[in-house]
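Just below is one structure, and these are the notes that go with it.
Because the structure is a prediction, the values reported are computed rather than measured. Computed from heavy atoms alone, side chains included, the values below leave out hydrogens, waters and symmetry copies. In what follows, chains carry the letters A, B, and so on, assigned in the order in which the sequence lines appear, proteins first and then strands, with residues in each chain numbered from 1.
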Number of protein chains: 2
Amino acid sequence: MKRRTSQRAALEMVFQKEDRPMGVEEILNAGRKIVRTLNQATVYRNLKIMVDNGELIQINHPAMGTLYERTGKGHHHHFYCRICGRVFELPGCGLDSKKAAPKGFITEEHEIFLFGVCPSCAK
Amino acid sequence: MKRRTSQRAALEMVFQKEDRPMGVEEILNAGRKIVRTLNQATVYRNLKIMVDNGELIQINHPAMGTLYERTGKGHHHHFYCRICGRVFELPGCGLDSKKAAPKGFITEEHEIFLFGVCPSCAK
DNA sequence: ATTATAATGCAAATGCATTTGCATTAGCAA
DNA sequence: TTGCTAATGCAAATGCATTTGCATTATAAT
């Protein structure tokens, strides 16, 4: 049966603490502060399990590549800070669906990626 | 000095005819209809030249990966048709920058990816 | 405690997209 | 035409992110 391991718990803590999308490298580094032997292969294996569980989803960020984020956030978009390199989830949506696409296109979904400076780097 | 080759001319024709972002595979296939010996390495080499020239830019589409599109289009976004798999450039922008990000975030740029059904597949 | 075996750590292996070495082909100046 | 050499085609090589085999470790049922 499935076992509760310290490394999986570490990953869950990482996602709970840093509540924003993260890449494998960043997740690994943060996880190692909790379980110092944490290995990249273990991170990949657990991320896959967590995605299958429905706790996480993968997103493809045009500048950051594959990121993982917690599910259950509702509709939101992503803000990339060019100073600190972090990606934030922004609730809500500034898209006017009428203006988004010309007549004839049937828009079913959309993703918006914002780029700029986050509040803490702007200070 | 730089030479005008039939394969580079073919790529230019492809981009002129299909005026939308395309991936390497698609560019190769379309190019082979013009120059049947066209090789993938040649496509990569010429795409790089064309990007350096400023005729093309690379974009990273969350669902389609790396695509190449002609420059000089002005601000626009991308529509992916789930039926035909093509990506279209949509002029204009439906983003309300006020609603896009909460107070404190300084938004400098954005990219919008729409997903759905294109006019010709909707018929 | 003991034990079965799921999960880990490590390194090697994969699967991609993309690049490169080299012999051959083909622009283009003379 | 001829000759120089940039550009091509082909296949092998790279560079990544991600996966996998296997010996070892450690969870949890007994």
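- Partner Glu26(A) forms a salt bridge (charged side-chain N to carboxylate O under 4.0 Å, His left out) with one of Arg20(A), Lys33(A), Arg32(A), Arg86(A) and no other, that one being Arg20(A).
- No hydrogens or angles considered: nothing links the side chains of Glu111(B) and His78(B) as a donor-acceptor pair under 3.5 Å.
- Looking at which nucleotide of DNA chain C each of Thr5(B) and Tyr68(B) is closest to, the 5′-most match is held by Tyr68(B).
- Judged by distance alone, the side chain of Asn53(B) and the main-chain N or O of Glu55(B) form no donor-acceptor pair under 3.5 Å.
- Around atom CD of Glu109(B), no more than 12 heavy atoms belonging to other residues, nucleotides or ligands sit under 6.0 Å away.
- Side chains of Thr107(A) and Phe79(B) form a contact here, defined as non-hydrogen atoms less than 4.5 Å apart.
- Bounding nucleotides for the chain A contact on DNA chain D, 5' to 3', at a heavy-atom distance below 4.0 Å, are dA17(D) to dA28(D).
- Heavy-atom distances under 4.0 Å link DNA chain D to Thr37(B), Leu38(B), Asn39(B), Ala41(B), Thr42(B), Arg45(B), Asn46(B) of residues 31-49 of chain B, given in residue order.
- Within a 6.0 Å radius of NZ in Lys99(A), other residues, nucleotides and ligands contribute 12 heavy atoms or fewer.
- Residues Ile112(A) and Phe115(A) are members of separate hydrophobic clusters, defined by side-chain heavy-atom contacts under 4.5 angstrom among Ile, Leu, Val, Met, Phe, Trp and Tyr.
- Counting any heavy atom pair closer than 4.0 Å across all strands shown, Thr66(A) reaches sugar-phosphate atoms only and no base atom.
- Annotation: side chain of Arg8(A) is in contact with side chain of Met50(A) (closest heavy-atom distance under 4.5 Å).
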For DNA chain D, the dot-bracket pattern of Watson-Crick and G-U pairs whose distances stay under 3.5 Å, | for other-strand partners: ||||||||||||||||||||||||||||||

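- Remark on DNA chain D: of its neighbouring residues Ser6(A) and Met1(B), the 5'-side contact belongs to Met1(B), judged by nearest-heavy-atom nucleotide.
- Between His61(A) and Phe113(A), the angle of the ring planes goes over 60°, which puts this pair in the perpendicular group of the 30/60° scheme.
- The aromatic ring centroids of His77(A) and His110(A) lie less than 6.0 Å from each other.
- The nearest heavy atom of DNA chain D to Arg3(B) and to Gln7(B) marks one nucleotide each, and the one closer to the 5' end goes with Arg3(B).
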